[in-house]
Amino acid sequence: MEKNGEKKQRRLKLYLILLLIATSVLGPITFSRYMTALRGADSATVAKARLQFIGGGPDISDLAPGETKYYEFQIVNVDELDTVSDVALKYSFTFAFTAQGSAPLLDLTYDLYYKPTPSSAQQHVGMTTGDPAKSNPVVIGHTDAETHTFFLAITWNATQQDPGTYANIVNSFTILTQVEQVD
């Protein structure tokens with residue numbers, strides 16, 4: 001005859017086995033309601049800055065002491081394929097003269113004027129004497145094609161008017177453009 005304790009123990013084992021079977025059958029069905037498989041694709045593009053400098057370098061080879069030479073150039077926010085820049089840009093210019101060898105630097109003054117649209121008045125963007133001279137920053141947008149026209153006046157402030165004083169002196173002129181993205 002079985003004892004009462006063994007009977008309870010066997011019944012407990014049977015209940016545990018039935019619970020284990022029920023859990024293994026019903027568990028995945030219950031969890032499947034909360035899990036979903038998705039498929040899809042996406043892509044991302046990087047914004048591209050486009051900025052062009054239009055106009056050749058200034059020719060100041062025939063600039064004489066006491067004279068001023070004017071040079072026009074443009075900055076546009078499109079590339080060669082007329083694609084507008086994806087980002088707005090802030091840019092400024094640095095103008096510098098360098099002497100060859102031990103030649104002295106010529107006494108030059110730079111004045112830069114900006115004309116935002118063909119119908120607007122020119123605005124002085126900065127520049128004074130000095131080497132290098134730096135302009136104030138200008139912002140060009142990204143929604144439509146824009147053209148910014150600049151006029152650079154280079155004046156030779158020489159008090160010595162004798163051309164022989166400057167014989168064999170060679171100075172080079174450089175325009176650097178610093179560009180950064182506007183947030």
Side-chain angles (χ1 to χ4, degrees), residues 44-183:
T45 57
V46 176
K48 186 175 180 184
R50 294 170 176 89
L51 193 71
Q52 279 191 81
F53 182 91
I54 298 174
D59 179 15
I60 57 169
S61 59
D62 60 347
L63 182 64
E67 287 185 351
T68 300
K69 271 281 236 188
Y70 299 94
Y71 168 63
E72 179 182 340
F73 62 94
Q74 296 174 330
I75 297 292
V76 294
N77 64 343
V78 296
D79 61 11
E80 297 81 22
L81 303 173
D82 289 334
T83 306
V84 178
S85 179
D86 296 330
V87 294
L89 301 169
K90 177 170 63 173
Y91 62 93
S92 62
F93 304 103
T94 301
F95 299 92
F97 277 86
T98 52
Q100 249 184 12
S102 61
L105 281 176
L106 301 174
D107 181 21
L108 299 168
T109 301
Y110 320 79
D111 282 303
L112 184 66
Y113 297 93
Y114 165 56
K115 192 168 184 178
T117 63
S119 61
S120 63
Q122 290 183 9
Q123 303 168 10
H124 192 261
V125 187
M127 310 305 281
T128 54
T129 57
D131 187 47
K134 190 168 182 172
S135 72
N136 296 326
V138 177
V139 175
I140 193 164
H142 62 90
T143 53
D144 296 316
E146 291 183 31
T147 301
H148 292 181
T149 302
F150 291 90
F151 301 95
L152 176 64
I154 303 171
T155 304
W156 188 348
N157 301 316
T159 54
Q160 179 62 262
Q161 299 293 323
D162 178 19
T165 308
Y166 304 105
N168 299 321
I169 294 178
V170 177
N171 283 186
S172 300
F173 181 66
T174 306
I175 301 175
L176 268 89
T177 308
Q178 295 83 28
V179 182
E180 64 184 65
Q181 181 177 335
V182 176
D183 293 332

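In this chain, numbering begins with 1 at the start of the sequence shown.
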Inset, instruction - Mind checking ring-ring contact (aromatic ring centres under 6.0 Å, His included) for Tyr71 and listing every partner two or more places apart, or none if nothing turns up? - result: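 Per chain and number, Tyr71 pairs via ring-ring contact (aromatic ring centres under 6.0 Å, His included) with Phe73.
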
Legend entry - Listed partners of Val139 passing side chain to side chain contact (heavy atoms under 4.5 Å, CB included), at least two apart: Lys90, Val182

At their closest point, which heavy atom of [X] faces which heavy atom of [Y], and how far apart are they?
| X | Y | result |
| --- | --- | --- |
| Asn77 | Gly141 | ND2-O, 2.8 Å |
| Trp156 | Leu63 | CZ3-O, 3.1 Å |
| Thr94 | Gln178 | OG1-NE2, 3.0 Å |
| Ala49 | Ser85 | CA-OG, 3.6 Å |
| Asp79 | Arg50 | OD2-NE, 3.1 Å |

Which value, rounded to the nearest 0.5 Å, describes the distance between [X] atom [atom1] and [Y] atom [atom2]?
| X | Y | atom1 | atom2 | value |
| --- | --- | --- | --- | --- |
| Tyr91 | Thr177 | OH | OG1 | 9.0 Å |
| Thr68 | Asp111 | OG1 | CG | 8.5 Å |
| Glu72 | Phe150 | CD | CZ | 11.5 Å |

I'd like to check [X] versus [Y] (side-chain heavy atoms, cut-off strictly below 4.5 Å). Are they in contact?
| X | Y | value |
| --- | --- | --- |
| Thr143 | Val84 | no |
| Gln74 | Gln52 | no |
| Phe53 | Ile75 | yes |
| Ile54 | Val76 | yes |

Legend entry - Counterpart residues, side-chain hydrogen bond (donor to acceptor under 3.5 Å, both in side chains), relative to Glu180 (two or more places apart):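 Once residues adjacent in sequence are excluded, Glu180 has no partner under the side-chain hydrogen bond (donor to acceptor under 3.5 Å, both in side chains) criterion.
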
Legend entry - Worked check of side-chain contact (heavy atoms from CB on, under 4.5 Å) between Thr147 and Thr149: CA-CA 6 Å; Thr147 301; Thr149 302; 4.3 Å; yes

